[in-house]
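Bear in mind that the values here come from a model prediction, so they are computed numbers and not experimental data.
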Amino acid sequence: MQNTCWACAYCNGHKGSNVAGYDPDTGELVALFNPRTDTWEEHFDWDGAALRGLTAKARATIDVLRINDPDRIEHRRLLMSLGLW
């Protein structure tokens, strides 16, 4: 299987070999977001420095990759405050 997207070591480490995850809102097992076949704007929206999932697929991806870990949000806030995000 080919990698679906380059990711930082943090996210990639949490994703591992997972291609699916559980939507924390519904408990449904769903495929993770695939940037080669899915459209970002249909699944995600930014709420400041936090990424918001609009679909089950997005919420599962955010959860599996731990995208909204408090340290990751703080890092994005810092980048935003410096005009680098």
Are L29 and L65 in one and the same hydrophobic cluster, where Ile, Leu, Val, Met, Phe, Trp and Tyr link if side-chain heavy atoms are under 4.5 Å apart? no
Could you report the tightest heavy-atom contact between [X] and [Y], atom names first, then the distance?
X	Y	value
Y22	G27	CD2-O, 3.2 Å
G53	A58	CA-CB, 3.6 Å
G21	V64	CA-CG2, 3.8 Å
A60	P24	N-CD, 4.1 Å

Before giving the answer on side chain to side chain contact (heavy atoms under 4.5 Å, CB included), spell out for I62 and F44 the whole-Å C-alpha distance, their side-chain angles and the decisive distance to 0.1 Å. CA-CA 9 Å; I62 290 168; F44 300 100; 3.8 Å; yes
Going through the checks in order, is the side chain to side chain contact (heavy atoms under 4.5 Å, CB included) test met by R59 and D63? CA-CA 6 Å; R59 291 187 297 270; D63 187 60; over 6 Å; no
How long is the span from the [atom1] atom in [X] to the [atom2] atom in [Y], to the nearest 0.5 Å?
X	Y	atom1	atom2	value
I73	R76	CD1	CZ	6.0 Å
E42	K57	CD	NZ	9.5 Å
T55	D25	OG1	CG	10.5 Å

Does [Y] offer a backbone N or O that forms a donor-acceptor pair with the side chain of [X] under 3.5 Å?
X	Y	value
D38	N34	yes
N68	L51	yes
T61	L32	no
T39	E41	no

Should the ring pair W40 and W46 be called parallel, tilted or perpendicular, given that the plane angle runs from 0 to 90° and is split at 30 and 60?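 W40 vs W46 ring planes: tilted.
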Using a strict threshold of under 4.0 Å (side-chain N to carboxylate O), is an ion pair present between D47 and R52?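 The answer is no: the pair does not qualify as a salt bridge.
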